[in-house]
Each structure stands twice: as C-alpha cells, then as structure tokens.
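One structure below.
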Amino acid sequence: MLLHLNRKYFIVLLLMLGFILPASALARELPDRSQWQFELKPLYIWFVNFDGTSSLPPSDGDGSGSSRPGINYDEVKITGAFSFHFEVEKNNITVFTDYLYSEWTSNNVTLGPFAGSGKNKLSEHLAELGFAYRIFEHEYFEAEVLAGVRYLYAGNKFEYNAANIDLSINRSAHANIWDGFAGVRLTGYILDSLSATVRADIGGGASDLVWNIDALVDWRYIDWGSVYAGYRVLDYKVSNKDIDLNLQGTGPVIGLAFYW
C-alpha cells in the first residue's frame, strides 16, 4: 500500500502539496460553473517504469510440474503506447474518462528452478470512467471527491527455451480485470494561470488491490490550452487462474491540454 512508496515518491508528493498551499496574494477569478466546460488531454506521455512480477498458470506436459512461468520486471522496454484523457464539467460535477495502451517486452524470463533464456510480451489496455464532485472551492484551493470504474485488459505471452533440458514453452493468456475505485482530487492555484493537482484513489474488485497517485503542475498559457508535467504511481495486485500480477508502474508524466 502507500507505505511501500519509497523516499523519492514522498519527496515528489510533498513538493506538489507545497505548491497547493496558498503561495500568492493574487486571488484568481472563480470560473462560471453553470456553463459546460470541456477538457481534452490527447496523447499524454507517461514515462512509466515497471517493478514487480507476473506469471502464467502451469500447463500439463510442459515439464515444469507445478511451476508457473514468470518474469521479473527489472529490464523491460516499451514497444507501443497510446493515451488520452477527457473531462466534461458543469456546476460541481465532472465526468471523466481515461485510456492508456502500452506494450512491453523483456528477455529476463524465469521458470521455476530451471535456467534458460526467453522473452515475454505484456500488453495492457487501461481505461477508467468516473465522476468527481466538488465539495469545496476557494480562490486558492478546491477539493473534489471522486469515484468510478477502472478496466484493465492484460495480455501475457511467454516464449521460453530452457538450457540443458528438453523444454520449450510458447504460451499466452489474458485477463479482463474490472475494479471500482474512490478517492480525492485536490487543486491549488499558485497564480491564476498556474496550478498544482494531486489525485489519490484506491479500489478493488477483480484485482486484490489497486491504488493510484498522480501529482501534476499545470501552466495555462492561453485560455484554450495548457502544458503540464508531474509524476504518477499505479500499483496492481491481481491473483486469478489466468494471470498473476504484482506490478507497480512509476514515472514522470508530460502533456498538453485543450479547453472549450
């Protein structure tokens, strides 16, 4: 859980929370919430690094007994990615959706006690649909509670050749993982055009536990556009008959946002 975050993640979050505190005597003009507001973040970039493990169930006749072929995610490279985020807001209610596709490959494959070489491809479709309700708003600060549904499609493929024994495995599996989540989103305004946001949520369902934290600084350089950067941590723990996942994705986020 949150206690598993190491020191560098706490430092990033503390810096973001420091920005949220009123840091300027310039009060922003409160927006007109009675009008429809739209926000699109196309192709945001998450420089994610995975840490953890995944595995497939044992298969009859593979020579491995009850061993599950698995991979340690310490040396992976991305081979494909696509993402977007969209929000619709009116009054104090916001409806949002987010989608992220990523494909990862690695040559660091292990199979029980056996030595050998092989490769793994992990494909993920991560989508969420949720709503946020604004419970407090001030010139310098606003707070929202949020809830929604998160979907993860995980496809795992192993190609393995063991050393010194007659064992070759080419196997794949996939899982559809649906989870509910709830959390908070806090936004502070350093200047009228400069803000910082921290979002934290936790949930479960088909997964054992999933939690997410992201912290972003946003500069709205023009009425219809902004640039932002920050850091995100997403942690999944899934145990089912098809795929076991114990993965944490961490890394900086950058992107553009458009408003109308």
Side-chain angles (χ1 to χ4, degrees), residues 2 5 9-42 44-46 83-100 127-150 179-203 210-234 252-260:
L2 298 184
L5 289 174
Y9 305 145
F10 279 116
I11 292 174
V12 171
L13 294 175
L14 287 175
L15 288 174
M16 296 298 182
L17 288 171
F19 281 133
I20 284 180
L21 298 176
S24 172
L26 300 176
R28 70 182 177 109
E29 181 180 349
L30 295 180
D32 182 4
R33 302 292 187 187
S34 64
Q35 302 298 315
W36 289 100
Q37 305 288 331
F38 301 90
E39 176 184 336
L40 174 64
K41 296 178 177 177
Y44 67 85
I45 301 174
W46 183 19
S83 60
F84 74 86
H85 181 90
F86 182 68
E87 296 190 5
V88 179
E89 176 187 340
K90 188 175 183 181
N91 297 322
N92 290 319
I93 297 177
T94 299
V95 178
F96 60 88
T97 184
D98 192 276
Y99 173 76
L100 174 67
E128 64 181 30
L129 177 64
F131 73 92
Y133 182 77
R134 187 174 293 101
I135 58 175
F136 177 81
E137 184 174 29
H138 187 266
E139 290 90 345
Y140 304 115
F141 180 80
E142 64 181 62
E144 300 166 283
V145 293
L146 53 89
V149 177
R150 183 178 287 120
D179 295 298
F181 67 87
V184 296
R185 184 165 64 177
L186 310 174
T187 302
Y189 295 88
I190 303 112
L191 299 172
D192 191 43
S193 60
L194 187 63
S195 63
T197 300
V198 174
R199 170 184 165 176
D201 61 76
I202 189 169
V210 54
W211 56 265
N212 172 77
I213 297 177
D214 56 70
L216 301 173
V217 174
D218 183 279
W219 175 41
R220 191 160 179 172
Y221 60 91
I222 197 169
D223 286 345
W224 52 265
S226 69
V227 294
Y228 60 90
Y231 206 86
R232 184 181 186 186
V233 182
L234 177 64
V253 179
I254 62 172
L256 300 172
F258 300 96
Y259 309 90
W260 66 94

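FYI, the numbering just counts along the sequence from 1. Reckoned from all heavy atoms, side chains included, excluding hydrogens, waters and symmetry mates.
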Plane angle bin for Phe96 and Phe181 - parallel if under 30°, tilted between 30 and 60°, otherwise perpendicular
tilted

Minimal non-hydrogen separation, Ala200 against Ile213, with atom names
CB-CG1, 4.2 Å

Under the rule for side chain to side chain contact (heavy atoms under 4.5 Å, CB included), what residues qualify as partners of Tyr133, not counting sequence neighbours?
Asn92, Ile93, Ile135, Val145

If you take all heavy atoms of Asp32 and Ser34, which pair is closest and at what distance?
OD1-OG, 2.6 Å

Hey, does Glu142 have a side-chain heavy atom less than 4.5 Å from the side chain of Arg134?
yes

The criterion is side chain to side chain contact (heavy atoms under 4.5 Å, CB included); which residues satisfy it with Val88, sequence neighbours excluded?
Trp36, Phe38, Phe86

Close side-chain approach of His138 to Tyr189, heavy-atom, < 4.5 Å
no

Identify, with sequence neighbours excluded, every residue that meets salt bridge (Lys or Arg N to Asp or Glu O under 4.0 Å) alongside Asp201.
Arg150, Arg199

Would you say Trp219 and Leu191 make side-chain contact, with heavy atoms under 4.5 Å?
no

Any side-chain heavy atom of Trp46 sitting closer than 4.5 Å to one from Leu234?
yes

For Asp98, which residues count as a side-chain hydrogen bond (donor to acceptor under 3.5 Å, both in side chains) partner, sequence neighbours excluded?
Tyr44, His85

With rounding to the nearest 0.5 angstrom, report the CD to CG distance, Glu128 to Leu146.
8.5 Å

Arg232: salt bridge (Lys or Arg N to Asp or Glu O under 4.0 Å) partners, not counting sequence neighbours:
none

Please name the pair of heavy atoms, one in Ala229 and one in Ile254, separated by the smallest distance, quoted to 0.1 Å.
CB-CG2, 3.9 Å

With sequence neighbours excluded, tell me which residues meet salt bridge (Lys or Arg N to Asp or Glu O under 4.0 Å) with Arg185.
Glu87, Glu144

List in chain and number order the residues that pass side-chain hydrogen bond (donor to acceptor under 3.5 Å, both in side chains) with Tyr221, two or more places apart in sequence or in another chain; answer none if no residue qualifies.
none

For Ser226, side-chain hydrogen bond (donor to acceptor under 3.5 Å, both in side chains) partners two or more places apart:
Asp218, Tyr259

Got Phe141 and Phe136 here, is their nearest side-chain heavy-atom distance under 4.5 Å?
yes

Which residues satisfy the side-chain hydrogen bond (donor to acceptor under 3.5 Å, both in side chains) test with Asp223, sequence neighbours excluded?
none

More than 12 foreign heavy atoms under 6.0 Å from CZ of Phe131: is that the case here?
no

Nearest 0.5 Å, please: how far is CH2 in Trp260 from CD in Gln37?
11.0 Å

